[in-house]
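Input: a single structure, listed below in structure tokens.
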Amino acid sequence: MKTTLTLPVAALALAGNLAHADYELNLSTALSGQDPIVKAMEEAKHEIEERSEGELRLNVFPNSQLGSDEDVVEQIRSGANIAILIDAGRLSEYQPELGILAAPYLVEDHTQYEAITDTDLYRGWVEDLADNSGLRLLNYNWFQGSREMLTQTPIETPEDLQGVRTRTINSPVWLKTIEAMGATPAPLPWSEVYSALQLGSIDAAEAQLTGADGQRLQEVIDHVALTHHIQLMTGIATSEQWFQSLPDELRTILDEELKEAGNEASQATVDAQDAVREKMEQEGVTFTEVDTSLFRERVDTVYEELGYDEYRDQLVSEIGD
């Protein structure tokens with residue numbers, strides 16, 4: 001006997017509209033499909049498609065399915081209908097001032113970024129980025145977690161990192177931060193970190209716990225030093241050319257829903273961190289509480305070398321006003 005599946009009328013209508021969506025955005029991230037951030041993106045997809053009545057479709061691609069972050073950014077700059085979850089360190093290549101947002105020990109808590117992104121100074125940087133590079137930064141409120149050192153040997157002081165080849169993001173602020181902390185920076189795509197650790201081509205990685213668990217890095221490292229050197233806040237950037245092609249109503253829907261999803265993802269990430277740590281400990285990883293002041297002292301040179309002292313002072317002044 002044949003079974004007939006009956007869908008609600010609203011669902012059928014939405015499916016029909018999506019088949020003829022006028023606008024489509026492909027959202028790329030290096031994170032795994034199980035990460036709280038990716039789950040929030042999937043929820044945003046449903047909200048955007050429902051609010052736009054199928055006129056705007058969002059497709060989520062985790063695990064770097066659309067290519068490395070560097071390749072995806074270039075596609076976006078060429079006008080492709082793609083968006084990417086990205087940190088300000090990478091964006092600093094196109095708008096140097098934004099690099100301050102990825103600087104080490106800039107904030108004590110990720111919630112302090114809200115005050116930064118609410119300044120006219122920040123908003124000016126975002127508009128300059130769009131004008132100068134073709135990248136439209138929609139929002140910057142996706143907290144991925146505190147960056148920690150994931151190593152094969154115990155780390156307690158910066159001296160313990162000497163000669164340790166550590167994977168980090170390939171942008172000046174990240175490279176100089178890891179170098180200042182005492183390690184040897186080794187930029188690699190996130191998708192290659194597991195195999196690089198397994199093969200011994202790198203000795204360590206710096207990452208947030210939820211991201212590390214998503215890649216099962218606890219299988220190829222033994223220790224986590226809780227340095228908290230960067231509170232990894234990220235944003236979603238898309239093509240300015242594509243964004244300007246959207247009707248005003250769809251721009252509003254996209255911006256509002258992605259911002260709301262970012263808030264929800266950030267809280268989910270905070271809620272997940274203790275559970276992820278417990279899980280990793282049960283799988284044999286040793287966590288070390290370090291004196292972060294020792295590492296904080298080392299990274300002051302990053303601000304000086306990259307000229308971020310001026311930007312930090314400007315932000316402090318504007319937030320204080």
Side-chain angles (χ1 to χ4, degrees), residues 30 69-70 87-90 92-93 99-108 144-213 215-232 273 276-277 280-281 283-309 312:
D69 287 352
E70 290 79 8
D87 73 277
R90 287 191 176 97
S92 67
E93 178 180 345
I100 184 70
L101 302 184
Y105 298 109
L106 176 68
V107 297
E108 298 294 332
Q144 295 191 33
S146 301
R147 298 288 274 203
E148 321 293 2
M149 301 298 296
L150 287 68
T151 62
Q152 311 291 9
T153 58
I155 302 297
E156 295 185 354
T157 68
E159 288 70 28
D160 296 330
L161 285 172
Q162 185 173 359
V164 177
R165 295 164 298 172
T166 304
R167 183 273 172 181
T168 190
I169 293 172
N170 189 19
S171 74
V173 63
W174 290 88
L175 296 171
K176 288 187 178 297
T177 294
I178 299 310
E179 185 175 25
M181 290 175 68
T184 300
L188 279 175
W190 181 238
S191 59
E192 297 178 14
V193 175
Y194 184 102
S195 60
L197 285 166
Q198 189 176 44
L199 295 172
S201 55
I202 58 173
D203 308 308
E206 55 92 26
Q208 67 278 12
L209 296 185
T210 51
D213 179 54
Q215 293 293 322
R216 298 292 301 162
L217 295 189
Q218 59 263 44
E219 297 176 353
V220 286
I221 57 99
D222 297 312
H223 296 270
V224 174
L226 297 171
T227 51
H228 310 317
H229 50 279
I230 292 174
Q231 300 296 314
L232 182 56
Q273 288 184 112
V276 171
R277 173 176 175 172
M280 294 176 76
E281 287 177 326
E283 296 183 53
V285 176
T286 300
F287 283 71
T288 302
E289 302 279 352
V290 302
D291 182 354
T292 57
S293 67
L294 299 176
F295 296 91
R296 189 186 298 265
E297 291 169 3
R298 288 286 199 104
V299 300
D300 274 345
T301 58
V302 175
Y303 288 84
E304 297 167 7
E305 291 179 27
L306 295 175
Y308 287 173
D309 282 340
R312 179 168 54 181

**Asked** Do Ser293 and Tyr105 pass the side chain to side chain contact (heavy atoms under 4.5 Å, CB included) test, and can you show the C-alpha distance, the side-chain angles, and the key distance before you say yes or no?
**Response** CA-CA 10 Å; Ser293 67; Tyr105 298 109; over 6 Å; no
**Message:** Set out, in order, the CA-CA distance, both residues' side-chain angles and the distance that settles salt bridge (charged side-chain N to carboxylate O under 4.0 Å, His left out) for Arg167 and Glu206, then state yes or no.
**Reply:** CA-CA 6 Å; Arg167 183 273 172 181; Glu206 55 92 26; 5.1 Å; no
**Item:** Gap between atom CG of Leu175 and atom OG1 of Thr166 - 0.5 Å precision
**Value:** 11.5 Å
**Full working for side chain to side chain contact (heavy atoms under 4.5 Å, CB included) between Ile178 and His229** = CA-CA 9 Å; Ile178 299 310; His229 50 279; 4.2 Å; yes
**Request:** Check the pair Val164 / Gln152 against side chain to side chain contact (heavy atoms under 4.5 Å, CB included), numbers first and verdict last.
**Result:** CA-CA 9 Å; Val164 177; Gln152 311 291 9; over 6 Å; no
**Request:** For Asp160 and Pro154, work out which heavy atoms get closest and say how close.
**Result:** CB-O, 4.2 Å
**NZ on Lys176 to OG1 on Thr301, rounded to 0.5 Å** = 8.5 Å
**Asked** So how far is it from Arg147 CZ to Ile230 CD1, rounded to the nearest 0.5 Å?
**Response** 7.0 Å
**Request:** Please tell me if the side chains of Leu188 and Ile202 come closer than 4.5 Å, counting only heavy atoms from C-beta onward.
**Result:** yes
**Request:** Please report the C-alpha distance between Glu179 and Arg298 in whole Å, then the side-chain angles of each, then the deciding distance to 0.1 Å, and finally whether the side chain to side chain contact (heavy atoms under 4.5 Å, CB included) criterion is met.
**Result:** CA-CA 9 Å; Glu179 185 175 25; Arg298 288 286 199 104; over 6 Å; no
**Fill in**
Distance col, row Leu226:CG vs His223:NE2, nearest 0.5 angstrom, shows 13.0 Å
**Prompt:** Under 3.5 Å, is there a donor-acceptor pair linking the side chains of Gln218 and Asp213?
**Reply:** yes
**Message:** Are Glu70 and Asn170 packed together at the side-chain level, in the sense that at least one heavy-atom pair is separated by less than 4.5 angstrom?
**Reply:** yes
**Met181 vs Met149 side-chain heavy atoms within contact, under 4.5 Å** = yes
**Message:** If only side-chain N and O atoms count, and only distance matters, is there a donor-acceptor pair under 3.5 Å linking Gln208 with Thr210?
**Reply:** no
**Message:** Can you give me the closest heavy-atom contact between Gly89 and Ala102, atom names plus distance?
**Reply:** N-CB, 3.5 Å
**Asked** What are the two closest heavy atoms between Ala205 and Val193, and how far apart are they?
**Response** CB-CG1, 4.0 Å
**Prompt:** Can you name the closest pair of heavy atoms from Ala180 and Val299 and give their distance?
**Reply:** CB-CA, 4.1 Å
**Asked** With side chains defined as the heavy atoms from C-beta onward, is the minimum distance between Ile100 and Leu106 less than 4.5 Å?
**Response** yes
**Request:** State, with a plain yes or no, whether a side-chain heavy atom of Leu161 is found less than 4.5 Å away from one of Ile155.
**Result:** yes
**Prompt:** Do Ile169 and Arg90 have side chains that get closer than 4.5 Å, going by heavy atoms?
**Reply:** yes
**Message:** Under 3.5 Å, is there a donor on one side chain and an acceptor on the other for Asp87 and Trp174?
**Reply:** yes
**Asked** Quick one: are Asp222 and Thr286 in side-chain contact, heavy atoms under 4.5 Å?
**Response** no
**Asked** Passes salt bridge (charged side-chain N to carboxylate O under 4.0 Å, His left out), Glu289 versus Arg277? Steps please.
**Response** CA-CA 13 Å; Glu289 302 279 352; Arg277 173 176 175 172; 3.3 Å; yes
**Message:** Consider side-chain contact (heavy atoms from CB on, under 4.5 Å). Of Leu217, Val224, Leu209, which one does Val285 pass it with?
**Reply:** Val224
**Item:** Minimum-distance pair of heavy atoms, taken over all atoms of Ala212 and Trp190
**Value:** N-CZ2, 4.1 Å
**Item:** Where at least one partner belongs to residues 191-201, residue pairs that pass side chain to side chain donor-acceptor pair (under 3.5 Å), sequence neighbours excluded
**Value:** Tyr194-Glu219
**Message:** With a 6.0 Å cut-off (strictly less than), is the heavy-atom count around CD of Glu156, excluding the residue itself, greater than 12?
**Reply:** no
**Item:** Side-chain donor-acceptor pair present, His228, Glu148, cut-off under 3.5 Å
**Value:** yes
**Heavy-atom closest pair, residues Ala103 and Tyr308** = CB-CD1, 4.2 Å
**Prompt:** Can you tell me if Thr151 uses its side chain to pair, donor with acceptor, with the backbone of Thr153 under 3.5 Å?
**Reply:** yes
**Any Phe287 side-chain heavy atom under 4.5 Å of Met280 side chain** = yes
**Item:** Tyr303 side chain vs Arg312 backbone, donor-acceptor pair below 3.5 Å
**Value:** no
**Crowding at CD, Glu159 (>12 non-hydrogen neighbours, <6.0 Å)** = yes
**Asked** Thinking salt bridges, do Arg296 and Glu108 make one under a 4.0 Å N-O criterion?
**Response** yes
**Item:** Distance in Å, Ile221 CD1 paired with Leu150 CG, rounded so as to fall on 0.5 Å steps
**Value:** 4.5 Å
